[in-house]
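Atoms within each ligand, like the ligands themselves, are counted from 1 in listed order. Keep in mind that what you see is a predicted model, and the values were worked out from it rather than measured.
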Amino acid sequence: MKRRILITGGAGFIGSHVVRRFVKNYPAYKIVNLDKLTYAGNLENLSEVEGSPNYSFVKGDVLDGAFVKSVMVNEGIDSIIHLAAESHVDRSLETPADFAVTNVVGTLTLLHSAREVWKSALDGKLFYHISTDEVYGSLGATGLFTEESPMDPRSPYSASKAGSDHFVSAFSHSYGFPAIISRCSNNYGPNHFPEKLIPLMIHNIIQGKPLPVYGKGENVRDWLYVEDHASAIDTIFHSGRPGEVYNIGGNNEWKNIDLVHLLCQVMDQKMKRTPGTAEQLITFVKDRPGHDLRYAIDSSKLKRELGWSPSVDFPTGLKKTVNWYFDNKEWLEHVTSGAYRQYYDRMYSNR
Ligand code: NAD
Ligand code: DAU
């Protein structure tokens, strides 16, 4: 079946991998990327697919229901993969209301718009919401989050994502609206904005700047290579059951401090320097307020029901990531200097 898919937030980190995957693997589909191009949206992530006949970009805000509806009608959209969000926990501690607006009201606006456009027939329609393991809160030393774990968000970011999940479930229950939610652990890989742990550390090592480890570095995250997340999204989009929630994880837990040590080793190797050089930059700084101790995902439902499992092991994924940042120094320069924000004007001003 041919699909006409609206991907929101497709210029961001994960969204750009999902857009590239769908544009390349499904030439018969139409992929429409709707993105507001906030500081996190970077069209340079998508230069590879820009001219593809089955792809188009529209600059727009998920909060603008009239605009969303016009795009859906004009493009004949039958499915939505919703990634647009404010995604950084530290920013959410500074400006929590922005997170409520974009993540909660934005998702609700998108749901409401889709329901209106699709009201005559919900058959063959799908609203796929991309969420996070952070909605489950924080774990102690043992245990895993399952799809049945209660929601217990503890940062403004995770509270806003939990709020958006609740609205998606409410639409499924109240209106029989065909929606799926997936909740993934920490992603890493190419195109990751250097405000997040791994790309920030890579950038600072290149620059010889301190490596700020929050608290004692004892917090644990479960890391998944971003292309594995995109492959899980592909699997769930095509085979997932409406009304269901699927956890996605890497089965790959790392204490922050151990991860930073490993990354320092990979960087020293890459930069042909004496082992131990990068580690000298490690600096312990004030902890993140309310810092969640540990996330770890049980993704056995996704494996059992849909046959998905991750394919990239961590040492390989980390090396691929480091190589990507070295091969794409211009991308990093543009992001850190802000030059990437002119890309839209340059590429789209006369379209
Ligand atoms: P990101 O911050 O890199 O990208 C977000 C994108 O959304 C950007 O392109 C931005 O311009 C766009 N956007 C923001 N507000 C918008 C609006 N109002 N209208 C239209 N577009 C808007 O985020 P990411 O890390 O790629 O995360 C994508 C999604 O996956 C988010 O929903 C996030 O909660 C979820 N998620 C992320 C991770 C992770 O590790 N990064 C893990 C699990 C789930
Ligand atoms: O678990 C999924 C979530 O992972 C996603 O939903 C979020 O969108 C994504 O940003 C990510 O959230 P985290 O807060 O876990 O990611 P971050 O990269 O910000 O931090 C990872 C860990 O590293 C966390 O324990 C905080 C710590 N950290 C982070 C930064 C930026 C540091 O010690 N130093 C830093 O400079």
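- Scanning the protein for heavy atoms near atom 19 (N) of ligand 1, the closest one is Val62 N, 3.0 Å.
- Between Asp98 and Arg91, none of the side-chain N atoms (NZ, or NE/NH1/NH2) sits under 4.0 Å from a carboxylate O, so this pair counts as no salt bridge.
- Between Asp133 and ligand 2, a contact under 3.5 Å exists for at least one N or O pair.
- Of the listed residues (Ser185, Ser16, Ser164), the one carrying the non-hydrogen atom nearest atom 42 (C) of ligand 1 is Ser185.
- Distances between N or O atoms of Ser87 and those of ligand 1 include at least one value under 3.5 Å.
- Close approach to Leu83 involves these atoms of ligand 1, each under 4.0 Å from a residue heavy atom: 28 (C), 29 (C), 31 (C), 32 (O).
- Put simply, part of Ala11 is less than 4.0 Å from ligand 1, judged by heavy atoms.
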(Q) The test is salt bridge (charged side-chain N to carboxylate O under 4.0 Å, His left out); show your working for Arg21 and Asp234 and say whether it passes. (A) CA-CA 8 Å; Arg21 181 182 179 98; Asp234 187 339; 2.8 Å; yes
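- Contacts between Glu134 and ligand 2 below 4.0 angstrom, taking non-hydrogen atoms only, involve the side chain exclusively.
- Distance from atom 15 (N) of ligand 1 to its nearest protein heavy atom, with residue and atom name: Thr102 CG2, 3.5 Å.
- On a distance-only criterion, Thr132 and ligand 2 share at least one N/O pair closer than 3.5 Å.
- Ring centroids of Phe22 and Phe237 are separated by less than 6.0 Å, placing the two rings close together.
- Side chain of Asp222 to backbone of Ile297: a donor-acceptor contact under 3.5 angstrom is found.
- Looking at atom 32 (O) of ligand 1, its nearest protein heavy atom turns out to be Lys161 NZ, 2.7 Å.
- Of all protein heavy atoms, the one closest to atom 33 (O) of ligand 2 is Tyr214 N, 2.8 Å.
- Classification of Glu244 and Arg241 as a salt-bridged pair holds, one side-chain N sitting under 4.0 Å from a carboxylate O.
- Counting heavy atoms under 4.0 Å from ligand 2, residue Leu197 touches it through both backbone and side chain.
- Protein heavy atom closest to atom 9 (O) of ligand 1, with residue, atom name and distance, is Asp35 OD2, 2.6 Å.
- In summary, the atoms of ligand 1 found under 4.0 Å from a heavy atom of Ser131, numbered by their order in the structure, are 43 (C), 44 (C).
- The shortest contact between atom 26 (C) of ligand 2 and any protein heavy atom is with His291 NE2, 3.4 Å.
- Checking only distances, Tyr295 never comes within under 3.5 Å of ligand 2, N or O to N or O.
- Atom 5 (C) of ligand 1 has Ala85 O, 3.5 Å as its closest protein atom, hydrogens excluded (heavy atom only).
- Protein heavy atom closest to atom 23 (O) of ligand 2, with residue, atom name and distance, is Asn256 ND2, 3.3 Å.
- Here the heavy atom of the protein found nearest to atom 11 (C) of ligand 2 is Asn186 ND2, 3.4 Å.
- Under the 6.0 Å cut-off for aromatic ring centres, Phe314 and Tyr225 do not qualify, their centroids lying 6.0 Å or more apart.
- If you check each of Lys59, Glu134, Lys36 against atom 20 (C) of ligand 1, the one with the closest non-hydrogen atom is Lys36.
- Given atom 36 (O) of ligand 2, the protein heavy atom at minimum distance is Pro212 O, 3.4 Å.
- Proximity of Tyr157 to ligand 1 is established by a heavy-atom distance of less than 4.0 Å.
- Proximity of Glu195 to ligand 2 is established by a heavy-atom distance of less than 4.0 Å.
- Of all protein heavy atoms, the one lying nearest to atom 25 (O) of ligand 1 is Phe13 CD2, 3.8 Å.
- Between Arg115 and His112, the side chains place no donor N or O within less than 3.5 Å of an acceptor N or O (distance only, hydrogens not considered).
- In terms of protein heavy-atom proximity, atom 43 (C) of ligand 1 is nearest to Cys184 O, 3.4 Å.
- Of all protein heavy atoms, the one lying nearest to atom 5 (C) of ligand 2 is Tyr157 OH, 3.6 Å.
- Listed by atom number, the atoms of ligand 1 under 4.0 Å from Asn186 heavy atoms are 40 (O).
- Tyr295 and Glu253 are not linked by any side-chain donor-acceptor pair at a separation below 3.5 angstrom, with hydrogens and angles left out of the test.
- Counting only heavy atoms of the protein, atom 41 (N) of ligand 1 lies nearest to Ile14 CD1, 3.6 Å.
- With a 4.0 Å cut-off on non-hydrogen atoms, Leu37 touches ligand 1 through its backbone and not its side chain.
- Of the protein's heavy atoms, Ser87 O, 3.9 Å lies nearest to atom 9 (C) of ligand 2.
- Close N/O approach between Arg288 and ligand 2 is found [any backbone or side-chain N/O within under 3.5 Å].
- A side-chain donor-acceptor contact under 3.5 Å links Lys301 to the backbone of Val245.
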